[in-house]
Peer 1: 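I have a structure here, written as structure tokens, and I will follow up with some questions on it.
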Amino acid sequence: ALIEFRTSSRAQVDLPVSFATHQVEGLQDGTIYNLSTGGCAVESPTMVETGTNVALYIHAPGEKFPIAIELATIQWSGRREFGARFQVVQSEEKKRLDRLVQKLLRPKA
């Protein structure tokens, strides 16, 4: 059995995401169902191969502009889902991402 040690807490979410990859023309759509400050798991009809680099645009509730993840690498991919690890995130976007994850992890009162 493979035991994975995750460095960051993950929030179970349901967030729309757009992503771009060199393999497919244009922006693709998906839904993030698992999010941390270091990566995410996405459900999408678009097949993405493991090892592919993608740019992600997370549509957070109440945010005017999506949070841009400049560069992420696909860690694993299945038929309709994939996991991405964030590699390059501008500092301003990183702050927004951290805020979002903290907000999502806060227990609902």
Side-chain angles (χ1 to χ4, degrees):
L2 179 71
I3 298 170
E4 242 191 288
F5 295 99
R6 301 201 186 277
T7 47
S8 34
S9 315
R10 293 182 154 247
Q12 300 298 315
V13 296
D14 184 5
L15 292 174
V17 64
S18 315
F19 60 96
T21 156
H22 297 303
Q23 293 177 341
V24 196
E25 192 77 26
L27 274 177
Q28 306 304 309
D29 291 314
T31 304
I32 293 178
Y33 63 85
N34 206 305
L35 178 69
S36 77
T37 53
C40 64
V42 177
E43 202 177 356
S44 172
T46 308
M47 269 291 290
V48 190
E49 285 173 34
T50 304
T52 307
N53 287 335
V54 295
L56 295 163
Y57 304 95
I58 303 167
H59 303 282
E63 297 273 346
K64 203 170 183 177
F65 304 104
I67 298 171
I69 308 297
E70 202 171 311
L71 177 66
T73 309
I74 304 305
Q75 299 297 304
W76 56 267
S77 67
R79 214 164 61 95
R80 288 181 66 89
E81 53 182 2
F82 60 83
R85 180 179 292 155
F86 305 152
Q87 308 284 2
V88 181
V89 188
Q90 298 294 338
S91 62
E92 198 46 54
E93 301 295 290
K94 179 90 177 86
K95 277 183 212 143
R96 294 175 67 205
L97 176 65
D98 292 347
R99 269 204 307 269
L100 173 64
V101 171
Q102 276 164 7
K103 197 162 74 184
L104 292 164
L105 285 172
R106 217 171 282 148
K108 308 220 178 352

Peer 1: Does Q23 use its side chain to pair, donor to acceptor, with the backbone of A20 at less than 3.5 Å?
Peer 2: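 No, the answer is negative, given that no donor and acceptor are paired below the 3.5 Å cut-off.
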
Peer 1: For the CG atom of L97 and the CD atom of Q90, what is their distance to the nearest 0.5 Å?
Peer 2: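 If we round to the nearest 0.5 Å, L97:CG and Q90:CD are 13.0 Å apart.
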
Peer 1: Heavy atoms only: give me the nearest L35-L100 pair and the separation to one decimal.
Peer 2: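 Where L35 meets L100 most closely, the heavy atoms are CD2-CD2, 3.8 Å.
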
Peer 1: Minimum heavy-atom separation for E81 and W76, please, with both atom names.
Peer 2: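 Closest approach of E81 to W76, heavy atoms only: CG-CZ3, 3.8 Å.
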
Peer 1: If I compare all heavy atoms of A60 with all of L15, which pair ends up nearest, and what's the gap?
Peer 2: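 So the two residues come closest at CA-CD2, 4.4 Å.
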
Peer 1: Any side-chain heavy atom of S36 sitting closer than 4.5 Å to one from F86?
Peer 2: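 No. Closest side-chain heavy atoms not under 4.5 Å.
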
Peer 1: Between CD1 of I74 and CD of E49, what distance do you get to the nearest 0.5 Å?
Peer 2: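 If we round to the nearest 0.5 Å, I74:CD1 and E49:CD are 10.5 Å apart.
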
Peer 1: Over all heavy atoms of both residues, which pair between P66 and R96 is shortest? Give the atoms and the distance, please.
Peer 2: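 Heavy atoms of P66 and R96 come nearest at O-NH1, 3.3 Å.
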
Peer 1: Just verifying a value: how many Å separate N34 CG and D14 CG, rounded to the nearest 0.5 Å?
Peer 2: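 If we round to the nearest 0.5 Å, N34:CG and D14:CG are 12.0 Å apart.
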
Peer 1: Does a side-chain heavy-atom distance below 4.5 Å link R80 with P45?
Peer 2: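 Side chain of R80 against side chain of P45, heavy atoms only: contact under 4.5 Å found.
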
Peer 1: Apply the side chain to side chain contact (heavy atoms under 4.5 Å, CB included) test between V89 and each candidate in E92, Q87, E93; give the one that qualifies.
Peer 2: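 Exactly one candidate clears the test, E93.
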
Peer 1: Would you give the length of the straight line joining atom NZ of K94 to atom CD1 of I67, rounded to the nearest 0.5 angstrom?
Peer 2: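 Going from NZ on K94 over to CD1 on I67, the span is 10.5 Å.
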
Peer 1: State plainly whether one hydrophobic cluster holds both L105 and I58, where clusters connect Ile, Leu, Val, Met, Phe, Trp and Tyr through side-chain heavy atoms under 4.5 angstrom apart.
Peer 2: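 L105 and I58: one cluster.
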
Peer 1: What distance do T52 atom OG1 and Q75 atom CD have between them, rounded to the nearest 0.5 Å?
Peer 2: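 Result: 11.0 Å between the selected atoms.
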
Peer 1: Do S44 side-chain atoms and D29 backbone N/O form a donor-acceptor pair below 3.5 Å?
Peer 2: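 Between the backbone of D29 and the side chain of S44 there is a qualifying donor-acceptor contact (under 3.5 Å).
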
Peer 1: Please report the closest heavy-atom contact between R10 and G39, naming both atoms and the distance.
Peer 2: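 Taking R10 first and G39 second, the nearest heavy atoms are NH2-C, 4.4 Å.
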
Peer 1: Do you know the tightest heavy-atom contact between A11 and L104?
Peer 2: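 Taking A11 first and L104 second, the nearest heavy atoms are CB-CB, 3.7 Å.
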
Peer 1: Rounded to the nearest 0.5 Å, what separation is found between the OG1 atom of T73 and the CZ atom of R85?
Peer 2: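 It comes to 8.0 Å.
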
Peer 1: Any heavy-atom pair between the side chains of F82 and T46 that's under 4.5 Å?
Peer 2: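 With C-beta onward as the side chain, the pair stays apart.
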
